[in-house]
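Notes follow the structure.
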Amino acid sequence: MAMQSPTERDAWSGKLGFVLAAAGSAIGLGNIWRFPYMAGEGGGGAFVFIYLVCVLTIGVPVLFAELSIGRATERNPIGAFKKLAPGSWWPALGALGVFTGFAILAFYAVIAGWTVGYFWMALTGTFGPDVDAAASGEIFTSFIGTAGPAVGLTGFFLIVTALVVRRGISGGIERAAKILMPVLLGVLFLLLIRALTLPGAGAGLEYLLRPDLSEVTPTVVVLALGQALFSMSLGMGAMITYGSYFPKKDSLPFAGTAVALADMGIALLAGLVIFPALFSAGLDPSGGPGLVFVVLPTVFAQMPFGGFFATLFFASLAIAALTSTISLMEVVVAYLVDDREWPRKKAATMVAIGCFVLAVPSALSQGANPYLSTFLGETWLDIQNIIWGNYGLSIGAILICLFVGFRWGTDKMLDFVELGGNPLPGRGLFGFMVKFVCPLAIGVVLAFIIVTGQYF
Ligand code: TRP
C-alpha cells in the first residue's frame, strides 16, 4: 500500500518547477488551436482586448483562489473540500471538478491525437504545393473521420500522458515541463520570425492588435471570458491540485502571476504566428475550429520551406497539448492517490484506460460513426465540450469563488497566497473580486449560454 503521510507528499522542487508545470497546464490547444479561431470569430482585436481584460480581472483572482485552496490543504479537489468543509456538501464540488477533468481529458485527447497525426503528415510531406483549400479540407475530413487513426492516436496520447504522470510531481510532470516548455517557446519564436517576414504580414498584426471596440458584442464577451477560463485551466481544480504541490516556504504571488502572463503571452504569440500567415496568403480568419487544421496547411503549402515549418508547428501543438493532458490526468490521479491510497502507477494506468473508453465515442464522432456524428444535431465531441467545457467549468468556477467568498473566507485565501512571501498590495480588492465580481461575471456568462444556446 502506498500510504503517504502529508510530509512525504511529493512537491515541486521550487517556484520555477511550479511555474513551468502550471504554465504547461494552462498553455495548450486552448492557446494555439482555440484562441486563434475564437479571435477570428470575435472580430480579431476586439476579442483579444476583451480576453486580456477577462484574464486580468476574472482569471487571475480565480487562479489564486484555486491555488490557495490547494496550498492550504495539500490535497486534490475532493480531499481539499473535505478538509476545509468537513461534513458538508462542498466535497461534491470537488467531485464535480475531478469528473469534469476526466471528461475534458476524454475529448481533449482526441484533438491532441489529431495534432500527432498532423505532425506525422507534415513530416512526411503531405502538405506539398498542390494542397489548396479544397484538398486541405478533404485531408482533414477524411483524417478525423477514419476510425483507426482517430482512436489509435487518442490512445497513443493517453499512454504518453500516463507515462509522465506515473512518475510523479517533481520527477515526472515537472521534469517533462522543464524540457517541453522551452522547446515550445523556441519553436514558436522560429515560427514568429517566419510569419512576420512574409509579405503582407502587417495586415494580420493589425487585425489582431488593433481593437475595434464597435465590434464588442455580448457574444464576444462570452467567448472571451470562456476562453480565459478554459485557457487558464480554471473551474475544475487543476490549479487546486497544482497549488497543493507548491512548497510552503516559497512565495506564490509572482509565481501565480507568471503563470497567467505566460498563458496570455503564448496565446498572443500563437496569434502573431497565425494571423500574419493567414493575411499574407489572403485567407479568411473566421475559419472556425478548422482554422489551424484546414487553413494553415494551405498557408504552409505556399511558403518556402513550408513543410519544415508545418512540421514544427504541429510539433508545437502536440507539445502544448501534452503538458495540458498531463494536468487533466493528474487531478484524477491525485484524488486516487490522496484519498483512495492507490499507488500512483496503478492510478495513472487505470485513469488512462478509463479515459480511453470514454474517449472512443468522441474519436468516432467526427465522421467515422454516423450516429455519433449527428447526436442531437451535434457531434458527440461537441456535446462533451458543451457539457464539461462550458457548463462544467463555469459552474465549477462560480462555486469555487462562492466557497472562498462565503464559506472559507477571502482572508484565509489571502493568507495562503501571502504565505512564504510579502504582503499583497490590494488585498481587499482581490478578496472583493473573488467574492462578488468573479462569480457574478461568470454567472452572467452561464445565464447567457443557457438562454441563447451559444457556447464558448
Ligand atoms: N488550459 C488547457 C488549454 O488551454 C487545457 C486544460 C488543461 C484545461 N487543464 C484544464 C482546461 C483544466 C480546463 C480545466 O489547452
Side-chain angles (χ1 to χ4, degrees), residues 21-39 51 54-55 59 62-63 65-67 70 76-77 93-94 96-115 157-158 161 164-165 173 176-177 180-181 184 223-243 259-260 262-271 289 292 316-335 351 355 384-400 442 456:
S25 167
I27 297 164
L29 296 172
N31 302 58
I32 308 178
W33 165 67
R34 200 173 190 276
F35 174 79
Y37 83 74
M38 285 279 156
Y51 158 78
C54 288
V55 169
V62 179
L63 173 66
E66 287 203 23
L67 291 173
N76 68 87
L93 171 56
L96 172 71
V98 171
F99 195 80
T100 301
F102 188 67
I104 290 181
L105 179 59
F107 71 82
Y108 196 92
V110 174
I111 303 166
W114 300 348
T115 69
F157 216 89
L158 288 169
T161 304
V164 175
V165 171
I173 300 178
L180 296 173
M181 296 312 283
L184 173 66
L223 293 183
L225 182 54
Q227 172 64 19
L229 284 183
F230 184 84
S231 187
M232 295 174 77
S233 304
L234 298 175
M236 46 68 65
M239 291 300 173
I240 293 180
T241 310
Y242 274 27
V259 173
D263 182 54
M264 220 162 77
I266 297 287
L268 289 175
L269 186 55
V292 155
S316 78
L317 209 51
I319 289 171
L322 179 60
T323 48
S324 296
T325 54
I326 288 171
S327 77
L328 288 162
M329 188 178 284
E330 173 59 26
V331 175
V332 190
V333 167
Y335 164 66
V351 172
C355 203
Q384 298 306 301
N385 176 47
I386 290 168
I387 298 176
W388 307 108
N390 279 255
Y391 288 110
L393 293 183
S394 32
I395 293 171
I398 292 168
L399 292 175
I400 288 169
I442 304 167
F456 55 72

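Order of listing sets the numbers, starting from 1, for every ligand and every atom in it. Only this structure's heavy atoms are used, side chains among them; waters, hydrogens and symmetry mates stay out. Position 1 is the first residue of the sequence, and the numbers go up from there.
Regarding atom 11 (C) of ligand 1, its nearest protein heavy-atom neighbour is F230 O, 3.3 Å. With respect to atom 15 (O) of ligand 1, the closest heavy atom belonging to the protein is Y108 OH, 2.4 Å. Here the heavy atom of the protein found nearest to atom 4 (O) of ligand 1 is A26 O, 2.9 Å. Of the protein's heavy atoms, M236 SD, 3.3 Å lies nearest to atom 12 (C) of ligand 1. The nearest protein atom to atom 8 (C) of ligand 1, hydrogens excluded, is given as S233 OG, 3.6 Å; this is a heavy-atom distance. Closest protein heavy atom to atom 2 (C) of ligand 1: S25 O, 3.2 Å.
A distance of 6.0 Å or more separates the ring centres of W388 and F102. Taking the six-membered ring where the residue is Trp, the centroids of F456 and F230 are separated by 6.0 Å or more.
Checking only distances, M232 never comes within under 3.5 Å of ligand 1, N or O to N or O. Residue contacts with ligand 1: L229 is placed with no nitrogen or oxygen under 3.5 Å of a nitrogen or oxygen of the ligand (distance criterion only). An N or O contact shorter than 3.5 Å is missing between I27 and ligand 1 by distance. Residue L29 has at least one N or O atom closer than 3.5 Å to an N or O atom of ligand 1.
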Working for side-chain contact (heavy atoms from CB on, under 4.5 Å), residues T100 and L393: CA-CA 8 Å; T100 301; L393 293 183; 4.1 Å; yes

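Residues satisfying the salt bridge (charged side-chain N to carboxylate O under 4.0 Å, His left out) criterion with E66, sequence neighbours excluded, are absent altogether. Remark: Y108 pairs with no residue by the ring-ring contact (aromatic ring centres under 6.0 Å, His included) rule, at least two apart or across chains.
With a 4.0 Å cut-off on non-hydrogen atoms, T325 does not touch ligand 1 at all. Only the side chain of S327 comes within 4.0 Å of ligand 1, judged by heavy-atom distances.
Of all atoms in ligand 1, numbered sequentially from 1 with element shown, those under 4.0 Å from a heavy atom of N31 are 4 (O). Set against the non-hydrogen atoms of S231, the atoms of ligand 1 under 4.0 Å away are 1 (N), 4 (O).
A donor-acceptor pair is defined here as one N or O able to donate and one able to accept, closer than 3.5 Å; no such pair exists between the side chain of N76 and the backbone of V333. The closest donor-acceptor contact from the side chain of S324 to the backbone of S25 lies under 3.5 Å. At least one donor-acceptor pair under 3.5 Å links the side chain of N31 to the backbone N or O of G28. The main-chain N or O of A228 is never found under 3.5 Å from a side-chain atom of S231 such that the two would form a donor-acceptor pair.
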